[in-house]
Amino acid sequence: MNLSEKDQLYNWHPYTQHKTTDLLPAIVKGEGALLWDENGKEYIDAIASWWVNPYGHSNKIIAEAIYKQLTTLEHVLFGGFTHNKAVELSEKLLSILPSNQKKIFFSDNGSTAVEVALKTALQYNYNKGIKKTKIIAFEDAFHGDTFGAMASSGITFFTEAFKGSLLEVVRIPVPTEGNETNSLKALQDLLETGDFAAFIFEPLCQGAAGMVMYSPEILDQMIALCQQNNVFAIADEVMTGFGKTGKTFATDYLVNKPDMICLSKALTGGTIPMAVTTFTQEIFDGFYNDDVNKALFHGHTFTANPTGCAAALASISLMESQEMQDNISRIHAKHLAFETKIKQHPKVKTTRVLGVIFALEIKSENQESYYGTMRNKLYHFFIENGIILRPVGNIVYILPPYVILDTQLEKVYTVVEQAIEMI
Ligand SMILES: *Cc1c(COP(=O)(O)O)cnc(C)c1O
């Protein structure tokens, strides 16, 4: 048996209906934007392995930082102790985050970062004896797969089975171009009820929904409205963080800064699972009390793992390097040129670009479902052609590692054009 066959015997994969899924490619090596499977087939990773890997696979600089940390202090519990890498990373993050962010809470992945934000919003009010138990989120949002994160997500077939077991979340329309007034009005109506502790959103770009984009101006208005009504604004930057939108954080496009920010994915450059939720002083102070019961009783065994912190520090310095900043601008310019070329195509409905994110929507007679026929046909066409892209329904998006070469990126565009012809 080869690896793919053994995998089929032993493993249960995420978001996978195994009955209708073939053997999966077994990847044995990665370098830069490239991956190779056990048969030697080469793939261009045009989605940075679910958006985690901007600096390239098997990055030597991050690997060295990890090795050094592993042979100095691999882990120590963060309950009752601290360590130099957590302090260094928090200091670094606070220096690049919006200046209203003052405290860092560590966890393990995007979903836990969101859970921490939601629990904090709810308990902040509980600690003050205020009854605010509901959350506001956008339609088609994705905030993760644990219960609170799932409740805040709007992709219904993901969450259908758990209705009735979830936190109360009310959804408002996404303020895409033309829908700003509707969305703002819906938010205003909810805020007036006084029932809500927080509004959670993916700033400027909803990743899992298919890179659905909206403007910083409308988000600024929405955050201002929340803050006037004492409702916390939670920016879920798990996907958008660390340069993907062309600025370090999507919230850097805003005048009004959110009260909490969730970060994960690219935090460690795709090496070690880690996340942070960041807070204003006001939120932290809502838990700061002589009464121990007012503390935030949340933690994970690997909270602030030193090796993860070392990987994050190395990743952030890579992001800040001139080389990566130039890469981000280069990819953005190439996306814009490709957009100009492709947007007039008779089969293309819409296109959009933000930073290194490119998305196009293919015209379709039917409402294409998330894992529907068109999506599957496109997905397999890309894989056959050695390109890793995961279309969402009829939306094809590219979010490459910053280190992707021009020739590799051009190959991705060419295969996308061929896919549009093929479909
Ligand atoms: C991926 C993602 C999450 C969930 O992160 P996991 O690490 O998969 O739990 C949450 N929010 C957003 C915006 C994401 O893109």
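One-based numbering, in listed order, for ligands and for the atoms of each. The analysis underlying the following values was restricted to heavy atoms, covering all of them including side chains, and did not include hydrogens, waters or symmetry mates. Note that this is a predicted model, so its numbers are computed, not measured.
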Could you check [atom] against the protein and tell me its nearest heavy-atom contact, residue, atom and distance included?
{"atom": "atom 5 (O) of ligand 1", "result": "G110 CA, 3.1 Å"}
{"atom": "atom 11 (N) of ligand 1", "result": "D236 OD2, 2.6 Å"}
{"atom": "atom 9 (O) of ligand 1", "result": "S111 OG, 2.6 Å"}

(request) Indicate yes or no: does an N/O atom of S264 lie under 3.5 Å from an N/O atom of ligand 1? (result)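 Between S264 and ligand 1, no N or O pair is found under 3.5 Å apart.
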Ion pair present between [X] and [Y], side-chain N to carboxylate O less than 4.0 angstrom?
{"X": "D406", "Y": "R330", "answer": "yes"}
{"X": "K185", "Y": "D189", "answer": "yes"}
{"X": "E282", "Y": "K102", "answer": "no"}

Go through ligand 1 atom by atom and flag the ones less than 4.0 Å from a non-hydrogen atom of [X].
{"X": "M239", "answer": "15 (O)"}
{"X": "G144", "answer": "4 (C), 10 (C)"}
{"X": "N109", "answer": "7 (O), 9 (O)"}

(message) Using a 3.5 Å distance criterion without hydrogens, assess whether the side chain of S315 forms a donor-acceptor pair with backbone atoms of G269.
(response)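 Checked: pair present.
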(request) Report the member of M150, K265, H143 with the shortest heavy-atom distance to atom 14 (C) of ligand 1. (result)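 Result: the heavy atom closest to atom 14 (C) of ligand 1 is in K265.
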(message) With a heavy-atom distance limit of 4.0 Å, tell me whether W51 approaches ligand 1 through its side chain, its backbone, both, or neither.
(response)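 Contact part for W51 vs ligand 1: side chain (C-beta onward).
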(request) Please determine, by modelled atom types, if D285 and Q281 share a side-chain donor-acceptor pair under 3.5 angstrom. (result)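 Side chains of D285 and Q281: pair found under 3.5 Å.
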(request) Any chance you could measure M260, atom CE, to Q101, atom CD, to the nearest 0.5 Å? (result)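 Taking CE in M260 and CD in Q101, the distance rounds to 9.0 Å.
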(request) Return the set of residues passing side-chain hydrogen bond (donor to acceptor under 3.5 Å, both in side chains) with Y43 (not counting sequence neighbours), or none when no residue passes. (result)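 Result, side-chain hydrogen bond (donor to acceptor under 3.5 Å, both in side chains) vs Y43: D37.
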